[in-house]
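Letters go in sequence order (proteins before strands), and every chain restarts at 1.
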Amino acid sequence: MSHDAAGESGTAHAGNNFLKNLIAEQIASGEQQGAVVTRFPPEPNGYLHIGHAASICLNFGLAEHFDGACRLRFDDTNPDAEDQEYIDSIQADIQWLGFEWDGAVRYTSSYFDTLYGYALHLIDAGLAYVDELSPEQIREYRGTLTEPGRDSPYRDRDPAESRALFEAMARGEYAEGAASLRAKIDMAAGNINLRDPVIYRIRNKAHHQTGDKWCVYPSYDFAHGQSDAIEGVTHSICTLEFEDHRPLYNWLIAHLPVPARPVQYEFARVNLNYTITSKRKLRRLVEEHIVDGWDDPRMPTISGIRRRGYTPGSIRTFCEMVGVSRSGGTVDTAMLEHAIRDDLNTHAARAMCVLDPLKIVITNWDEDRVETLEAAGHPNRDDLGTRRLPLTREIFIEAEDFRESANKKYKRLVLGKKVRLRNAYVIEAHDVVKDESGRVVEVHCTYDPDTLGDNPADGVKPKGVIHWVSATHGKQALVRVYDRLFAVENPAREAELLDGLNPFSLTVHKGCWIEPGAAEVAPETRLQFERTGYFVADRYDHAVGAPVFNRVVALRDTWAKIESRGE
RNA sequence: UGGGGCGUAGCCAAGCGGUAAGGCAACGGGUUUUGAUCCCGUGAUGCGCAGGUUCGAAUCCUGCCGCCCCAGCCA
């Protein structure tokens, strides 16, 4: 509501969700004794994206709310696609969002010894067996969605034999795919995850954490729940597609000597229109150089969103606005944009920057005269101080802010009409200079010296206010204006991913003019360029003296709406 | 023809038997040296559909319909 409402904790939304309510009930009824423990369990095989932010906010938020703990655990059970680069970026992203995990970073791989022991336990209990069917045969034996599967011929082999075989697998005596360990559950189960799922497979590959120690690796299903139990996780929260795995999760917990009994809960993942959140597809954009990397400002990755200029607080607010439920849907990006506008409107200092310059000569202003005007750093926050704006005979205004003639709806500079220079005087245009092609390259105006902080003497207040930068005292800047990466609402539906791309997702403005003070800000400083939008000094490319800004988001633009309606 | 979910305004989402919160978007209007912000106002006789139970149903029951997930030795 008011200007000071938006902060790290977001605006005043209830922020309740079914999981928070559920846990509150569990605590009230005594079902939940002790601290609530959650975890965020990414696989380090890609960068985190906006969808992960929802999970992070949920898991850390719940722990915070109930005064419990949330751990970070890398679910690194498959060395194939995992990499240290991702481990590093994931940690940086979580910290940037403002969350702190409890204790040290955990790795599922650090439980491999225990997990291996659990596998042996299951074998000894006659609940797991080494299968020597090939991956293809296992698929055939599994049946289909509507037909039950068939038992593997190795299903009833003696536990002692399975144990010996499994140990041989672990010693590296089998080739990948030659054998696997399967839980013995029910090949006719309607839930396919219960049709003797593979719980250990051979992977002759070095692991980023355990090196060459192992050549057998537990599957997600065999590792996740047990890891939760080992860590004392009380609420293992994941997305809806894992719901079918819950019976397996519970089956394993029930049959293994685990130290705790965690429970899995599911929620719907968040989709955003005009964007994709498939790691595979995002990787493709990076690898095919459609974007400049995982942190390209157009990417929906946390690091891309950061580079775009979004604040951690705005992401958290967004997640709260969206809420948590079990009904999957697609959120409008307008909600994300609202979150960052709301944040930056209250926190970003104001500045003026001309993206597409048109020269103005103030003919009744002396050649060498420089008047330093004072302007507010923020229209309704005195604590942001003031800035100094040098006004000179020649200035630049936005080319689209001038027309030789226009109807009354156009409230900017028109030949023969007056307009207010933001934070300065009222000027009136009386002449244009054109090039051979007839394009206006310069506009001559006169200024009214009595209008600094005052309306003209004739009492006619100009309808419009435009921004400007001194042509002699302003600084040049490079500004990148970003738009959505995809032009179609649901890029995932596109037959070919690249077909949905927006060809105008990036426009680089090289000859921009910015007020002197704003050229000196530190990287990642966010500013509002008045009348234009919110911008951030690029995290990497910006330097004092060579300013480079990214547009975070445009200001709400009712004029654009009026105009596109066809006047 | 199997198993598991989900259906409340354009979008997200509360509600859990007592007569439809909130946010985003949209649209009006006011203030304004940012066509910004801010402020005020406008939305479902209706909760996928059809029956039923009840004094009373989005909430309970039955039957339909629609959408999503599952047949990786991925997570």
Side-chain angles (χ1 to χ4, degrees), chain A residues 1-3 11 13-14 16-18 41-43 45 75 77-78 80-81 131 133-135 138-139 142-149 176-182 188-195 197-203 217 219-221 223-224 238-247 266 268 270 273 279 320-332 334-339 341-342 345-346 350 352 375 379-380 409-412 420-424 426 451 453-455 461-467 528-533 554-563:
Chain A
M1 297 265 239
S2 64
H3 297 141
T11 37
H13 297 295
N16 280 344
N17 60 60
F18 77 97
E43 181 188 16
N45 68 344
D75 211 354
T77 58
N78 182 356
D80 281 350
D131 197 352
L133 247 27
S134 69
I138 285 183
R139 194 189 330 120
R142 184 154 35 224
T144 68
L145 294 179
T146 52
E147 302 157 25
E176 283 189 19
S180 64
L181 184 68
R182 295 229 257 163
N191 181 343
I192 291 179
N193 293 300
L194 263 19
R195 317 239 266 228
V198 169
I199 55 176
Y200 252 97
R201 72 291 210 194
I202 297 166
R203 227 23 46 111
Y217 292 93
S219 65
Y220 161 84
D221 287 307
H224 206 95
C238 60
T239 44
L240 245 26
E241 66 268 31
F242 290 99
E243 188 159 23
D244 287 349
H245 293 243
R246 180 150 36 93
E266 311 84 18
V270 171
N273 61 4
K279 277 189 199 171
E320 281 215 345
M321 282 197 287
V322 171
V324 180
S325 76
R326 288 175 62 90
S327 52
T330 302
V331 173
D332 196 325
M335 233 192 258
L336 222 203
E337 295 183 345
H338 175 267
R341 282 196 188 103
D342 197 42
N345 175 50
T346 103
R350 312 284 123 124
M352 290 195 286
N380 29 37
K409 279 192 174 175
Y410 184 81
K411 305 194 297 183
R412 310 178 187 188
R420 158 79 62 184
L421 288 181
R422 174 75 171 152
N423 295 124
V426 169
T451 55
D454 247 318
N455 285 326
K461 180 179 174 181
K463 287 298 290 178
V465 179
I466 62 175
H467 57 101
Q528 183 198 95
F529 290 168
E530 293 186 283
R531 302 209 316 127
T532 304
L555 250 32
R556 262 189 71 219
D557 191 353
T558 46
W559 166 243
K561 276 181 205 162
I562 294 168
E563 236 190 351

So do the side chains of A:Gln528 and A:Leu555 get within less than 4.5 Å of each other, counting heavy atoms only?
yes
For a quick check of understanding: with a heavy-atom distance under 4.0 Å over all strands, which category does A:Lys463 fall into, base, sugar-phosphate or nothing?
nothing
Regarding A:Val426, tell me which of base, sugar-phosphate or nothing describes its non-hydrogen contacts under 4.0 Å with the strands shown.
nothing
Assigned partner base of B:U19, Watson-Crick or wobble definition, under 3.5 Å:
none
Quick one: the side chain of A:Glu147 and the base of B:U1, do they pair up donor-acceptor inside 3.5 Å?
no
For B:C27, does OP1 or OP2 lie under 4.0 Å from any side-chain N or O of A:Lys561?
yes
Within the 4.0 Å heavy-atom criterion, would you say A:Ala424 contacts the bases, only the backbone, or no part of the nucleic acid?
base
Mate of B:U37 where both pairing distances stay under 3.5 Å, Watson-Crick or G-U:
none
Looking at B:A26, which nucleotide sits across from it as a Watson-Crick or G-U wobble partner, both distances under 3.5 angstrom, or is there none?
B:U42
Considering residues at least two apart in sequence or located in another chain, which fulfil the side-chain contact (heavy atoms from CB on, under 4.5 Å) criterion with A:Asp454?
none
Could you tell me whether A:Pro379 contacts a base, only the sugar-phosphate backbone, or nothing, with contacts defined as non-hydrogen atoms closer than 4.0 Å?
base
Using Watson-Crick or G-U wobble geometry with both distances under 3.5 Å, which nucleotide pairs with B:A14?
none
Among B:G5, B:G35, B:A14, which is the nearest nucleotide to the side chain of A:Leu240?
B:G5
Have a look at B:G72 and give me syn or anti from its glycosidic angle (syn if within 90° of zero).
syn
Once you apply a heavy-atom cut-off of 4.0 Å, does A:Gly149 come out as touching a base, just sugar-phosphate, or nothing?
nothing
Just to confirm, is there a sub-4.0 Å distance from OP1 or OP2 of B:U34 to any side-chain nitrogen or oxygen of A:His467?
no
Rounded distance in Å - CG (A:Asn423) to P (B:A36):
17 Å
For B:G7, what is the paired nucleotide under Watson-Crick or G-U wobble rules, both distances under 3.5 Å?
B:C65
Just so I know, are the side chains of A:Arg246 and A:Glu243 near enough to count as touching, which here means a heavy-atom distance under 4.5 Å?
yes
Within the 4.0 Å limit for protein heavy atoms, which parts of nucleotides 70-75 of chain B are touched? Write it as a string from 5' to 3', B for base, S for sugar-phosphate only, - for none.
BBSBSB
Under 4.0 Å between any heavy atoms, over every strand shown, what does A:Arg350 touch: base, sugar-phosphate, or nothing? Just pick one.
base
For A:Tyr220 and A:Phe242, take the angle between the two ring planes, folded into 0 to 90°, and tell me which bin it lands in: parallel under 30, tilted 30 to 60, perpendicular over 60.
tilted
Are A:Ile466 and A:Leu421 side-chain neighbours, meaning at least one heavy-atom pair lies under 4.5 Å?
yes
Nearest to side-chain heavy atoms of A:Met321, which nucleotide of B:A13, B:G23, B:G35
B:G23
